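A, B, ... follow the sequence lines: proteins, then strands. Residue 1 opens every chain. Computed from a predicted structure; not experimentally measured.
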Amino acid sequence: MTNAPDEPKPAAGTPTGPVLFYTETLLEHFRNPRNVGELAEADTDGFGLVGDPSCGDQMKLWIAVRDGRIAKIAFQSFGCPGAIATSSMLTELAEGKPIEEARRITDDDVIEALGGIPENKKHCSLLGVQALQVALGDWEGRQAAKAARS
Amino acid sequence: MTNAPDEPKPAAGTPTGPVLFYTETLLEHFRNPRNVGELAEADTDGFGLVGDPSCGDQMKLWIAVRDGRIAKIAFQSFGCPGAIATSSMLTELAEGKPIEEARRITDDDVIEALGGIPENKKHCSLLGVQALQVALGDWEGRQAAKAARS
Amino acid sequence: MIYLDHNATTPLRPEALEAMLPWLGERWGNPSSPHRFGHDARVAVEGARERIAACVGCRPSEIVFCGTGTESDNLALRGSAHALRPKGRHLVTTAIEHHAVLHTCRALEAEGFRVTYLPVSAGGVVDLDALEASLGPETILVSVMHANNDTGVVQPVEEIAALTRERGVRLHVDAVQTAGKLARRPGDLGADLVTFSAHKLYGPKGVGALYVREGTPLTPVTTGGGHERGFRAGTENVAGIVGFAEAAARTFDGLEAESRRVSGLRDRLERQLLETVPRVSVNGAGSTRVPNTSSLSFQGIDGESIVLGLDLRGICASTGSACSTGEPEPSHVLLAMGLSRREAQGSIRLSLGRATRDEDVDVTVAALAETVQQLRRISSVR
Amino acid sequence: MIYLDHNATTPLRPEALEAMLPWLGERWGNPSSPHRFGHDARVAVEGARERIAACVGCRPSEIVFCGTGTESDNLALRGSAHALRPKGRHLVTTAIEHHAVLHTCRALEAEGFRVTYLPVSAGGVVDLDALEASLGPETILVSVMHANNDTGVVQPVEEIAALTRERGVRLHVDAVQTAGKLARRPGDLGADLVTFSAHKLYGPKGVGALYVREGTPLTPVTTGGGHERGFRAGTENVAGIVGFAEAAARTFDGLEAESRRVSGLRDRLERQLLETVPRVSVNGAGSTRVPNTSSLSFQGIDGESIVLGLDLRGICASTGSACSTGEPEPSHVLLAMGLSRREAQGSIRLSLGRATRDEDVDVTVAALAETVQQLRRISSVR
Ligand SMILES: Cc1ncc(COP(=O)(O)O)c(C=O)c1O
Ligand SMILES: Cc1ncc(COP(=O)(O)O)c(C=O)c1O
């Protein structure tokens, strides 16, 4: 019965900082997220599903590729405002980009585009970039499969 | 060198109460103490000197006895306001009283006459009554000595 | 703005501010100073103590002023543990306590104490049988909150008091979330130690109090000039204490009528919400709760996002207890009640107060419905 | 009323009250609440932290807000002792510290720590050789006040810091009586921990601060929601913290000119007094002192009686540190300086402040002369 509740002891001296330093841009993306939804099966050239086990956030991302560029991109996200806004911003950054450029998008690019994100929310921003990488990997796999078939 | 400073550890839970609950009567006796001074050697039938080692207070008290009554009384006091006022009040209570009555004056009588005294000042009020007892003892001794001589 | 975060903090009553102003102005004396100007402040502090004792139902000498509710909890737990160490090293508490209690228990564990964290039912109520079974010859203190800050669920502290009294074990009750909400006088609960926090009952931030039943062994946590009968040293926050008393007196006065009013609003809110929004559940709904609190779980979306959605619509809500760390941890209270991590993550707390009106409830339900719908449209989880 | 008890507490600056009012009124949010209304309060607290850090000369993240100066002292001492216990169990302090330090050392002795209480010279200055000799391999912390509250005598903390740094021993400095009085920035003293109290520098009661140099090991005393970076849990006293910052900023600004003014008044007071009243001595007169403090010993009479005599003439003075117990103990500081019990008992403290004027000094000297004469007339001691 001595089951200690499952939660962390506060390590004295760890900087925590304000809870809520959302930028206007972040709030705008939270309010009006871009590219929300899913792509039709037929439209989808790549798909990624990633989750952050530490906070339970989850993200799904679809891409359609035309002429070596991301022609369409769509996402769904379960998570905190940071997760939603970074996902939305990521799709905006990726849309229309050549594959190689899209591959080079980093978390910092997304954070910078949002004008920053609270320190304790940074881990959420990982999901978008990760999901894109997974989707691009999926696309590559499909390309390879197609090439093998043809 | 590990000489701990000479002071009491605060015992948690000991009631202390307000520092300063002096009654108007006490203040009046502090401002205008009665019977201050000393009696001349010739006038003195009894003398008492007492000190409170815990707070350093000291009191001297002189009495002149006529017809079994305290005809004159005088005091000097080194001490806190409580010590001064209780001494003054004691002399007022004792003046003119028959010896037996004077002997029966208690600390509580003095405190009551002053309308009360802060809890943490009560030990000061002991001095006056004590000094009177000593002075009455001194007077008795002198009487006995006189009786033996005559 | 519609403020539905009264369990985090409450607005200061204007009358309390009024009562504080002289002590922030021309009557600035130190209550321990040996002159009449200081004495004036002493009288104010002792008068406030009497007023609070009257609200709480105890003797003035049983009230110890602290700086926060958290500090009062620390004094109760650390103070008891250190005073009673020779008798035993076992403490009993629950898995749903406030962090002020839980993290203090952790600190005591690091000092060599053993702590039992009792489970709660799905309804959020501590298991009395488990409590009774946990008590041993080594047990020195039981600490159970009166009502939980996240769910509002009221714990059976009177029954617990009967058990602990029988066993000669001391009982601490954190009444931060019930003082000023429940009609029961905290002094009548049968506890030896009871925690209060001024800013949760329309008093100022920076003042708490611990009821210490006469004769309760307690080692001070903060030592110094012997203030508060040696239980809590440090120059008294005179204005804060006076404001606390004014707020408490006014909040306890007319408490029953206000409680009825607020619980009516809370019930209306939950009813409307359950009618309007699909896939939502009310945590602890079947249990006795304080009148003002509603803990809600929405499937498939995140609580922080809901709170921000409401915030952008002018409504202040919370994901649960206001912890300063900003950690993404879901509520330990809801987890202890058996919710999954994702269910717990999809929860928010609405806590109503004196200023809440019918219209606020209607506006909130509409805003919630909108926010939830929007977030579910985005969500990757059904 | 002439108020000469500024070492006990100071009036709140009107500008500080002004700065506090919004946080006692319409901006009552909890800084930890996850909405913009709470965030507003968070910004206020962090802004106040930056202002105080700028006054003190440190980083904002090195300031921990507490409820009193006493609590800050407790955090420094208990927190260091508990964090450094594995390294050793020996602490060094002085015989003239405030009770917040001394009684906490006593409590630590009861926990198994060993404490050295260093003697001071007749002038009230800690003996540096004794300090150096006291440091051993087991020594984990030295705690020395910057200036003494009874005498105003300034301690050589920079020299001490050089010694402790060399030996790798942590240093705590209680700067409650120098912050806002001495031009030296507390952050430049070389200490690892420095205590401040708002109400001693024209801020509100109920707020203190501890400077914790980055990387200083410290175990929290009050645990809970992780506020103040885990060093001091509990909902922040937002208004108090904002008032503290406003008062500190204004008090540190123009400090040198005001210090010169006040020390001029204090010197004038002592000069006049020595000319007017026989058998009086100034304690610590030959030592460096803070500008506002005068500790006076009158032969043959009692300090409390002098203070009451002044009180009845409209002057607020003190017998020494404002301890709440009302105990008749003479100042342990003066005893440590070699005064006899009776000499110490015949002492009072006059502490000047911002509002003190030339006329106040003249009136005070006249009132003192009268009071002393009257009490000596009554006294049984010469
Ligand atoms: C030197 C010193 N340290 C600590 C304190 C305690 O500060 P506070 O009154 O804020 O508890 C005081 C004031 O009483 C003091 O003078
Ligand atoms: C149940 C409970 N206990 C303790 C506390 C802590 O009180 P404070 O905010 O005054 O530190 C709170 C509030 O946060 C609470 O809800």
Heavy-atom proximity to chain A below 4.5 Å, by part of [X]:
| X | value |
| --- | --- |
| C:Arg377 | both |
| C:Glu97 | neither |
| C:Arg382 | side chain |

Side-chain donor/acceptor of C:Gln345 to backbone N/O of A:Gly79, under 3.5 Å =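 Checked: no pair found.
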
[atom2] on [Y] to [atom1] on [X], rounded to 0.5 Å:
| X | Y | atom1 | atom2 | answer |
| --- | --- | --- | --- | --- |
| A:Phe78 | C:Leu375 | CZ | CG | 10.0 Å |
| A:Phe75 | C:Ser380 | CZ | OG | 9.5 Å |
| A:Glu28 | C:Leu312 | CD | CG | 11.0 Å |

remark   = So, the part of A:Pro33 with a heavy atom under 4.5 Å from chain C: the answer is side chain

Please determine whether the number of non-hydrogen atoms from other residues, nucleotides or ligands lying under 6.0 Å from atom [atom1] of [X] exceeds 12.
| X | atom1 | value |
| --- | --- | --- |
| A:Lys97 | NZ | yes |
| C:Gln373 | CD | no |
| A:Glu112 | CD | no |

key: Contact leader toward chain C among A:Ser88, A:Pro81, A:Gly37, where contacts are heavy-atom pairs under 4.5 Å   =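 Sorted descending by pairs with chain C, the first entry is A:Pro81.
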
ask   = What pair of heavy atoms forms the shortest contact from C:Gln374 to A:Arg31, and how long is it?
value =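 For C:Gln374 versus A:Arg31, the nearest heavy atoms are NE2-O, 2.8 Å.
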
message = If you compare all heavy atoms of C:Asp302 against all heavy atoms of A:Cys80, which two are closest, and at what distance to 0.1 Å?
response =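 Heavy atoms of C:Asp302 and A:Cys80 come nearest at OD2-CA, 3.1 Å.
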
